[in-house]
Amino acid sequence: MSVTAPPEHLDAHGRAESPPERPPARARSRAARSPRRRRTLEVLLAYGLLLPSLLVFAVFVFYPLVRQIYLSFFLTPPFPGEPKHYAGLSQIQQVLTSHDFLNSLWVTVLFVLYTVPAGLVLGLLLAVLAHQQLRGIRFFRTVFSSTVATSVAVASVIFFTLLNPQIGLFSYWFGRTGQLSVLDDPRLALLAVSVVTVWQNLGLAFIVMSAGLQAVPDDLLEASRVDGAGPWTRLRHVILPMLSPTLFFAIVVGSILSLEAFGQIDILTSGGPLQHTNVLVYAIYDQVFNQNNQGRAAVMTVALFLITLVFTLIQIRLLERRVTYER
Amino acid sequence: MSAEHGTGTVATALGTLAPGFRDFLVGAGIVVVAGTVLLVLSRRASPTHRRQAALVGRYLLLVVLAVIVLFPLYITVVDSLLQPDQVVAKPPILFPTHPQWSSYATAWTQGHLGRYLLNSFVVTGVIVVGELVTSIAAAYAFAFLRFPFRKTLFVVFLATMMVPVEVTFLTNLNTVVSLGWYNTYFGLTIPFLATGFGAFLVRQAFLGLPGDLRDAAELDGANHWQFLREVALPVARPAVAALGIFSFFSAFGQYLWPLIVTKDDRLRTVTIGLKFLANSQLNNFNVIFAGTVLAALPLFILLVVFEKQLVRGLTAGAVKG
């Protein structure tokens, strides 16, 4: 049914590379070009088709990446136009061991740990509950996927307002009206941001998990039911093992999302209180736009790149396997 | 850093909950426990009872979870329809008996939501169309044409997915400024007109075609354009639709890049505009909420209409580099 990418040594059509066969005489009457000229045209066409993308990539993906690495070796003065000073590894070492960077790294790790497992479990719970033919189940499915339509800005502004210490509904419900806002409380701010993030990504988690569940063959579930397996046993020994590729995918994707979190921090806490929500991306933004230090920011950017690289490499591997199309 | 402190504070906080909310929590807790108990007990009962009990339990759980997931959205809509003093009334008003629509007018004009939404639609439209065109073009080359360095270039395309915007935004801001594109639609769109992910997704769909179809078409005298339009694109339609919707959602929800590359209301997209609205209307919660509804509405409509395509795109990629 589904078609996957052909093995490496085969070409796009699933055949081994071989010189193109000469078409029968009938077809050549249309254009009496030599095969060689046709080959040249094909190559030109191919490069022409790739050119727009390659231009965008060169200017906005690869050049900036190289420049960030380059800049991390230089002390950049706060005013543009002044000369940069080559600092070798000293700036890199200094940033990587600085308290601010280590704090941001720790906050980012905590943020991933707060958001990814919780999102995974909640998404799975919703997906399992909604995975049955019931009257009105379509309604519940739409409700559970709904937060996928809330952008990070929408989600953050909703919670920012509801958590307003003076008049916010959640502040009232939690008995904190007039007290320190949850978002200004060093012990709670990161948790609060995490809750918002989990809620915002719940729709995505639900959708991914539901798709994974749909791939579990029904007759397998039926067979285990006939064998007398209860719901828990079925979940533990049939569904979860079948679902493990989906779970893995969700962990990787969720981690990338959390590592790159910025909008919710910017709207909810601006990295505060006392740096307790100063995740890596926000710290980079802060270095550039508030501290005016591109060099330091470059070091942190390269660090962020290397950390996410681990996850994106896995993600691309998984993509190769996942993206297949029913025909 | 402070997980233990955190839980401790949560425990103290539970004691100070507002009465109405405590009742709600207790009620929800009872329903969840009852539902779970029904689900568990149902295994021991007779078949008919078992099925009924399981059904009731499942519905109870579904309803409670739906209420919890939906509540922030629900209260956003409700509060947008209240008067300013009603929004902050204690105990809170959870249903608008006399809906006021003026907050929407305020958000639209004074809050510039109309302009922000227009900007978002222009920017998103350009990005989606551009990404589809470049993806289909590149995918066609990778799937149907033979040329030197094909594999290498494909790896280059995939490699772009390893470099997130969060890594490139600093240099890209400099580039955009030096090109004179700061605070313009060019600056907002051009960096996103091509993605490795899009080319990858469409290529996979093209590869679903039988290998010799392209040769057969050529023998029949069809040129590349005809082959693409009449054979390849129809086959890849689900993938292209998924990519389009997915790309719309990502572009419309963008935050970091539009924040740094725009400086005034003429160019701000709705995600950034919403932040400014929230900071400028601190005393008019209903206006903030109305603005939030307006900002969220387009994607909700798309979600309902194109749920299938979106799900396909999300389950394929979920994160775009």
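Keep in mind that this is a model prediction, so the values were computed, not measured.
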Looking only at heavy atoms, what is the nearest atom pair of B:Y59 and A:R135, with distance? OH-O, 2.5 Å
B:L213, part contacting chain A, at a heavy-atom distance under 4.5 Å: neither
Residue part contacting chain A, namely of B:L259, when any heavy atom lies under 4.5 Å: side chain
Select, from B:L61, B:N174, B:V87, the one with the greatest count of heavy-atom pairs under 4.5 Å involving chain A. B:N174
Got a second to check how far A:W199's CH2 is from B:F71's CZ, nearest 0.5 Å? 11.0 Å
Sole residue of A:F60, A:Y63, A:Y70 in side chain to side chain contact (heavy atoms under 4.5 Å, CB included) with B:T171: A:Y63
Would you name the heavy atoms of B:A194 and A:F57 that are closest together and state the gap between them? O-CE2, 3.4 Å
Segment of B:F252 engaging chain A (4.5 angstrom heavy-atom cut-off): neither
What part of B:L303 is in contact with chain A, defined as an atom under 4.5 angstrom from a non-hydrogen atom: side chain, backbone, both or neither? side chain
Among B:T271, B:L62, B:L299, B:T292, which residue forms the greatest number of heavy-atom pairs with chain A at distances under 4.5 Å? B:L62
Checking heavy atoms, do the side chain of B:L55, its backbone, both or neither come under 4.5 Å from chain A? side chain
Hey, what do you get for CG (A:L313) to CE (B:M161), rounding to the nearest 0.5 Å? 10.5 Å
Are A:Q315 and B:M162 side-chain neighbours, meaning at least one heavy-atom pair lies under 4.5 Å? no
Check each atom of B:F206 against the heavy atoms of chain A and say whether the ones under 4.5 Å are side chain, backbone, both or neither. neither
At a heavy-atom separation under 4.5 Å, does B:L173 approach chain A through its side chain, its backbone, both, or neither? side chain
Using a cut-off of under 4.5 Å for heavy-atom pairs, which of A:A250, A:S53, A:G263 has the most such pairs with chain B? A:S53
Once you round to the nearest 0.5 Å, how far does CG of B:L170 lie from CZ of A:F289? 6.5 Å
Is any side-chain heavy atom of B:F154 less than 4.5 Å from a side-chain heavy atom of A:L50? no
So, does B:E307 use its side chain to make a donor-acceptor pair with the main chain of A:T142 at under 3.5 Å? no
Scored by heavy-atom pairs under 4.5 Å with chain B, the best of A:V59, A:T147, A:N164 is A:N164
Answer key: most heavy-atom pairs under 4.5 Å with chain B among A:T308, A:L55, A:V148, A:V152 is A:V148
Taking every non-hydrogen pair under 4.5 Å, which of B:L256, B:V311, B:L70 racks up the most with chain A? B:L256
Heavy-atom proximity to chain A below 4.5 Å, by part of B:F249: side chain
Considering only heavy atoms, which portion of A:F159 lies under 4.5 Å from any heavy atom of chain B: side chain, backbone, both, or neither? side chain
The interface call for B:T175 against chain A, heavy-atom contacts under 4.5 Å, is side chain
Who wins among B:P72, B:A138, B:A199 for the most heavy-atom pairs under 4.5 Å with chain A? B:P72
Between A:S146 and B:V69, what is the shortest heavy-atom contact and its length? OG-CG1, 4.4 Å
Side-chain heavy atoms of B:N279 within contact of A:F160, under 4.5 Å: yes
From the list B:T76, B:D79, B:I288, side chain to side chain contact (heavy atoms under 4.5 Å, CB included) with A:T161 holds only for B:I288
Let me know if A:I207 has heavy atoms under 4.5 Å from chain B in its side chain, its backbone, both or neither. both
Is there a side-chain contact between A:L54 and B:L153, using heavy atoms and a 4.5 Å cut-off? yes
Nearest 0.5 Å please: distance from the CZ atom of A:F144 over to the CG atom of B:L65. 5.5 Å
Mind ranking A:L134, A:L126, A:V288, A:L202 by heavy-atom pairs under 4.5 Å with chain B and telling me who comes out on top? A:L134
So which of A:G212, A:G48, A:S156, A:A46 has the largest heavy-atom pair count under 4.5 angstrom toward chain B? A:A46
Which atoms of A:F305 come close to chain B, meaning under 4.5 Å heavy atom to heavy atom: side chain ones, backbone ones, both, or neither? both
Could you check which of B:T168, B:V133, B:N172 has the highest count of heavy-atom pairs closer than 4.5 Å to chain A? B:N172
Does any backbone or side-chain atom of A:L125 lie under 4.5 Å from a heavy atom of chain B? Answer side chain, backbone, both or neither. side chain
Check whether B:V176 gets within reach of chain A through its side chain, its backbone, both or neither, counting any heavy atom under 4.5 Å. side chain
Between chain A and each of B:P298, B:A278, B:P191, B:A141, count heavy-atom pairs under 4.5 Å; write down the option with the most. B:P191
Sub-4.5 Å side-chain heavy-atom contact between B:L145 and A:L49: yes
Would a 4.5 Å heavy-atom cut-off, applied to side chains only, mark B:V167 and A:L304 as touching? yes
Count the heavy-atom pairs under 4.5 Å between each of A:L259, A:V281, A:I137, A:V157 and chain B, then report the option with the highest count. A:V157
Quick one: pull up CZ in B:F169 and CD in A:Q68 and give me the separation to the nearest 0.5 Å. 8.0 Å
Please look at B:V63 and chain A and tell me whether the side chain, the backbone, both or neither of the residue comes under 4.5 angstrom of a heavy atom of that chain. both
Let me know if B:E166 has heavy atoms under 4.5 Å from chain A in its side chain, its backbone, both or neither. both
Should A:V56 and B:T134 count as side-chain neighbours, where that means a heavy-atom distance under 4.5 Å? no
So which of B:F149, B:F142, B:F147 actually passes ring-ring contact (aromatic ring centres under 6.0 Å, His included) with A:Y47? B:F147
How long is the gap from OH on B:Y140 to CG on A:L45, to the nearest 0.5 Å? 7.5 Å
In terms of heavy-atom proximity below 4.5 Å to chain A, should B:L310 be classed as side chain, backbone, both, or neither? side chain
In the structure I gave you, are the side-chain heavy atoms of B:P148 and A:V43 within less than 4.5 Å of one another anywhere? yes
